[in-house]
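A quick write-up on the structure given underneath.
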Amino acid sequence: MSTPVSESTKGAPEWSIKKAIETYFIDRWGGQYFSINNKGNVTVSPLQAKGGSIDMMDVVAEAHQRGLGFPLLVRFQDLLRHRVEQLNESFAASISENNYNGKYFGVFPIKVNQLREVVEEIIDAGTPYNYGIEVGSKPEMFAGLAMHKNPESLIVCNGYKDPAFIRIALLGRLLNKKVILIIEKLEELKLTLQVAKEMNVEPWIGIRVRLQAKGAGKWATSGGEHAKFGLTTPEILEACEMLKRRKLNHCFKLLHFHIGSQVPDILTVKRATREATRYYAKLHQLGYPLEYIDVGGGLGVDYDGSGSADDSSINYTLKEYCSDIVYNIREVCESEKVPHPNIVSESGRAIVAHHSVLLVNVFGSIEKAAPETAPDILEKDHKLVLDLREIKMGLPEKQNGKGSLEAYHDSLQIKEDVQAMFDLGMIDLKTKAKVENLFWEICREIYAKSRKDKYVPVEIAALETQLSDQLMCNFSIFQSLLDHWALGQMFPIMPVHKLDQQPDRQSTIVDITCDSDGKIKKFIGLNHSKETLALHDPAPNEAYYLGFFLMGAYQDIMGDLHNLFGRVNEIHVFLDPGEPSGYYVEEVIRGNTISEVLTMTQYNEVELARAMKIQFDAAIKEDRLKPSEGMRLLDEYEKGLKDYTYLNFGK
Ligand code: PLP
């Protein structure tokens, strides 16, 4: 059986910047924000073609100058603004094209990225559009209430609520803010009305409806009949009765649904929108003059650039998403003869994903190649070693894939025989090492030869993965890429420099945690994902940086402290045409120190130093250390507590 060669295994074509862009599919996932310049460095254009561009290696150099270690998260603040503008303008255009009578009042769900600087930038960029915020917990409510300034924009409160949460939300109403409490279960309405009465304020109520329409993708369980949140039809009617009894019909302002994050297929959005609008219309006809339909989150990001309904992609554009929502709401309202409601969406990922890039340094590799000091093969070596050498010497005569395949099978059998003999104690370590070296040399040669062929046997094509190196990168998947570890979500990954040179190895990526799960072996491919990534051979003593892209949504906050690798260093960058590099650094946020992460797990810096001092004193007393040496080492320990939690190779 043969398989066509994959893109990465085709005979080496002329390398160029264009080829680099194609190799890493930048044009497909980059949303016109990322490219490569003539120096072979990745550039970021936070305003797409409308503004300047920033060379990632300038940012790397600046980080070094400022003594900021890697991994380093770079936030492009203008890009955040650009996303807010794009979303709002896209909804405005759809509203105008569809002669829609309502307005768009988007809200940013701060759970997607709660960092104050991110939320501030989004609120500021959204002010002309009356763009508000969504909160889903008490802490988010406390932050949101203080950050929110524009009385025309909404604060939507999702999530389960206790009396304190409701009180703080209603405090917003007393400040004349448009705070809408979304009822997630029936008892919450009772509680809300009771607290509102005590506070003598009229609440603005939204109800989350449990739609039949169910999303697709990794977060699909947020919707459908068995969802965690939302009211069923009988419960909605009971809620209506409760409001009617208190003569509070007018407080029912909004109908909410959320079918899950990262909805890959636009058909799901259309179906859910129509179903929810039907509820809106029927409620309107029952005498509840709702003003808003909230379509929740779900607007996805094309992480793998395939433009498909696969989990890490989306089969629609922003324009299509907005048009379909506006059009379908209008259609149902017209047929039901009810007014067009204002439209709310809670897009998070689509606003923030593109704005941050994680820069990671490579500090070594785990290779299958024989070490340079590998011993020569001698005539007195074991017969199986000599047999393997013969196979290797015969390779140049193997003209086609079939001949190579035979040679591969023979080598594999020898390797397996040697392993079996080793298990029985019949083979020494030197022989085993020689067999392994020869085996991988044979595989490498067979694989290299196959790159010129149009069709390659499946087993030989699979050698690409088996021969791949593992590049050791200075970061933790559990802190920085949790959705990849937990859900297999793909993120674009590529070198941010040397792209004027052809990559010379296929690699997987391993992180620095001591967990065997701490690796990446799923990358963006031409049709599907692939198991290796084309990377360069880092020259000795030369730094090599990889960029992890589209990292701005969820990853920062969901990351955990596995192995006590803490939050990473951050640098916030703004475009500035007046600066030689086209940008300035507005803010640096230092990542956690060792002492900080230890404090989070109940250690105390002073007590740790004291415990070490007792041990040094004892060593000095027992003459195992000189006093000056002991004190110097203690000083080193104490200073080390203030260091960044990640590795530092000084380059
Ligand atoms: N609104 C609600 C209620 C959510 O649960 C979520 C996330 O799952 C969002 C909005 C944000 O979704 P997204 O990031 O897909 O836009």
Side-chain angles (χ1 to χ4, degrees), residues 80 83-84 86-88 90-91 104-115 118-119 122 126 131-137 140-141 144 154-161 165 180-185 188 206-211 214-224 227-231 254-266 268-269 272-273 276 292-303 311-314 316 318 321-322 325 343-356 482-483 486-487 489 491 550-558:
L80 274 179
R83 299 298 298 167
V84 172
Q86 295 264 298
L87 176 71
N88 280 282
S90 190
F91 262 111
Y104 174 65
F105 289 94
V107 290
F108 173 66
I110 68 175
K111 73 164 152 228
V112 186
N113 196 319
Q114 294 102 336
L115 191 76
V118 169
V119 176
I122 290 172
Y131 190 60
I133 51 176
E134 183 263 2
V135 296
S137 66
E140 288 181 2
M141 182 81 237
L154 301 178
I155 303 183
V156 175
C157 311
N158 285 313
Y160 293 136
K161 298 163 200 73
F165 191 166
I180 305 187
L181 276 152
I182 306 295
I183 303 303
E184 307 277 12
K185 58 187 178 73
E188 234 168 61
I207 287 183
R208 178 158 170 173
V209 52
R210 197 179 287 217
L211 298 181
K214 198 166 174 286
K218 296 189 188 298
W219 289 271
T221 47
S222 306
K228 179 172 153 190
F229 295 114
L231 272 59
L254 178 148
L255 191 78
H256 178 276
F257 72 90
H258 173 70
I259 46 169
S261 190
Q262 183 66 17
V263 175
D265 189 350
I266 192 68
T268 325
V269 176
T273 304
Y292 304 89
I293 283 191
D294 182 343
V295 299
L299 170 57
V301 167
D302 199 355
Y303 289 97
D311 287 352
S312 294
S313 186
I314 47 173
Y316 52 92
L318 172 63
Y321 175 82
C322 298
I325 287 174
I343 298 172
V344 179
S345 83
E346 303 174 356
S347 303
R349 183 187 294 280
I351 295 288
V352 291
H354 294 79
H355 92 284
S356 68
L482 202 71
D483 279 346
L487 299 160
Q489 159 145 7
F491 291 90
L550 313 190
M551 297 285 295
Y554 300 101
Q555 305 314 296
D556 296 351
I557 211 67
M558 293 201 315

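In each ligand, atom 1 is the first atom listed, and ligand 1 is the first ligand listed. For the single chain, residues carry numbers from 1 onward in sequence order.
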Selected option - heavy-atom contact closest to [atom], from [options]:
atom: atom 8 (O) of ligand 1; options: Glu134, Gln262, His258, Arg208; value: His258
atom: atom 15 (O) of ligand 1; options: Ser261, Ala350, Gly159, Gly136; value: Ser261
atom: atom 4 (C) of ligand 1; options: Glu184, Glu346, Lys111; value: Lys111

Within a distance under 4.0 Å of any heavy atom of [X], pick out the atoms of ligand 1 and give their elements.
X: Asn158; value: 3 (C)
X: Arg349; value: 13 (P), 14 (O), 16 (O)
X: Ser347; value: 16 (O)

Nearest heavy-atom neighbours spanning [X] and [Y]:
X: Gly300; Y: Ala350; answer: O-CB, 4.3 Å
X: Glu346; Y: Val156; answer: OE2-CG1, 3.6 Å
X: Ser313; Y: Asp302; answer: OG-OD1, 2.5 Å
X: Asn113; Y: Phe108; answer: O-CE2, 3.8 Å

Between ligand 1 and [X], is the shortest N or O to N or O distance under 3.5 Å?
X: Gly298; answer: yes
X: Gly348; answer: yes
X: His256; answer: no

### Any side-chain heavy-atom pair of Met141 and Lys161 under 4.5 Å
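Heavy-atom side-chain distance check fails, nothing below 4.5 Å.
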### Query
With distance as the sole criterion, is a donor-acceptor pair present between the side chains of Gln489 and Asp311 under 3.5 Å?
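No, no side-chain donor-acceptor contact under 3.5 Å.
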### Query
Does Tyr554 come within less than 4.0 Å of ligand 1, judged by its heavy atoms?
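Tyr554: in contact with ligand 1 (<4.0 Å).
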### Message
Between ligand 1 and Ala553, can you find any atom pair, the residue atom being a heavy atom, that is separated by under 4.0 Å?
### Response
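For ligand 1, residue contact (heavy atoms, under 4.0 Å) with Ala553 is absent.
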### Query
What orientation do Phe91 and Tyr321 show, parallel under 30°, tilted 30 to 60°, or perpendicular over 60°?
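The rings of Phe91 and Tyr321 stand perpendicular, inter-plane angle above 60°.
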### Message
So that I know where these two stand, are Phe229 and Tyr160 an aromatic pair - ring centroids less than 6.0 Å apart?
### Response
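Yes - the distance between ring centres of Phe229 and Tyr160 falls below the 6.0 Å cut-off.
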